Structure formats: C-alpha cells, structure tokens
Amino acid sequence: MNVLHFLSAPAASPAAEAFWSETSTRLQAKQDVSAYLFHEGGTALKDPRMVSLLSRGLRLFACPRAAETFGGAAADQATLGGPGLLAELMERASTFGSFDVS
C-alpha cells in the first residue's frame, strides 16, 4: 500500500499532531509512506520528529515556497516540487490522508 499524507497545518495544531501519529503508525506497520508539506505544514521540516520518520523510511516532499518560508535550512531534507510533482505523487498513491486546519 502506498500512502500519501498531505500536511498544511501549523506546528502544535491538532491536525499536525495527528499527522505525526498517523505517519509513525503507518511506518511502524511497514507501509510505504510519502508526505507532501505545503503552506504552514512546512514548519514540520524544523520539527525534531522529522528526522526519526525519515530514518524509518518516510519519503518527504514539499512545496518550494512552504519549504523556503517555513523550513529554512531544514528544507534540504525534502524533495521540492510544485503541482506536477504533487500530481505524480497522487497518481501513485492508493491511500490519502489530509492534515489541515478545519
């Protein structure tokens, strides 16, 4: 199963906390997980939990503007790309999770 998680919620929001939990759970279950960060989801690049998820196999992608605006120097952890990359990720995913502010 190829899982794609979208994160647009800012750090410390309930949606961002759900992202960390769900992503960790899926990786622990040995699922193939990718994450695409956009808007304030780019703050996740600076979160220390990201290193752990990456070491467990998370494939990380981000909107270039979100990475630059919110990720700073940590942006080099992600493959940057806009709508074309996102479309390709969506095409390959069998399951989606969206973590945004409601």
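We use all heavy atoms of the structure for the numbers below, so side chains are in, but hydrogens, waters and symmetry mates are not. Being a predicted model, the structure only gives us computed values, none of them experimental.
Checking side-chain atoms of Thr69 against main-chain N and O of Arg65 turns up a donor-acceptor pair under 3.5 Å. Of the possible polar contacts, none joining the Thr23 side chain to the Trp20 backbone as a donor-acceptor pair under 3.5 Å is found. When atom types are taken as modelled, the side chain of Thr25 and the backbone of Ser21 share a donor-acceptor pair closer than 3.5 angstrom.
Here the closest non-hydrogen pair linking Val33 and His5 is CG1-ND1, 4.3 Å. When all heavy atoms of Ala16 and Ala9 are compared, the closest pair comes out as N-CB, 4.0 Å. For the residue pair Phe99 and Phe19, the shortest heavy atom distance occurs at CD2-N, 3.5 Å. Here the shortest heavy-atom pairing between Ala66 and His39 reads CB-O, 3.4 Å. Here the shortest heavy-atom pairing between Ala11 and Thr43 reads N-OG1, 3.1 Å. In terms of heavy atoms, Leu53 sits closest to Ser24 at CD2-CA, 4.0 Å.
Cluster annotation: Leu4 is connected to Phe61 through the hydrophobic network of ILVMFWY side chains, with a link wherever side-chain heavy atoms come within less than 4.5 Å. Under a hydrophobic clustering in which Ile, Leu, Val, Met, Phe, Trp and Tyr are joined whenever their side-chain heavy atoms come within less than 4.5 Å, directly or via other members, Leu27 and Val51 fall into different clusters. Val3 and Met50 fall within the same hydrophobic cluster, where Ile, Leu, Val, Met, Phe, Trp and Tyr residues are linked whenever their side-chain heavy atoms come under 4.5 Å apart, directly or through other members.
Within the model, atoms OG1 of Thr95 and CG of Asn2 stand 8.0 Å from one another, a figure rounded to the nearest 0.5 Å. Distance check: Gln31 CD to Ser94 OG gives 8.5 Å after rounding to the nearest 0.5 Å.
Heavy atoms from other residues, nucleotides or ligands lying under 6.0 Å from CD of Glu17 number more than 12.
Note: Phe6 and Tyr36 have perpendicular aromatic rings, judged against thresholds of 30 and 60 degrees for the angle between ring planes.
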Please report, to 0.1 Å, the donor-acceptor pairs under 3.5 Å made by any side chain of residues 70-88, with sequence neighbours excluded.
| unit_1 | atom_1 | unit_2 | atom_2 | d |
| --- | --- | --- | --- | --- |
| Gln77 | NE2 | Leu45 | O | 2.8 |
| Gln77 | NE2 | Ala74 | O | 3.1 |
| Glu88 | OE2 | Arg92 | NH2 | 2.8 |

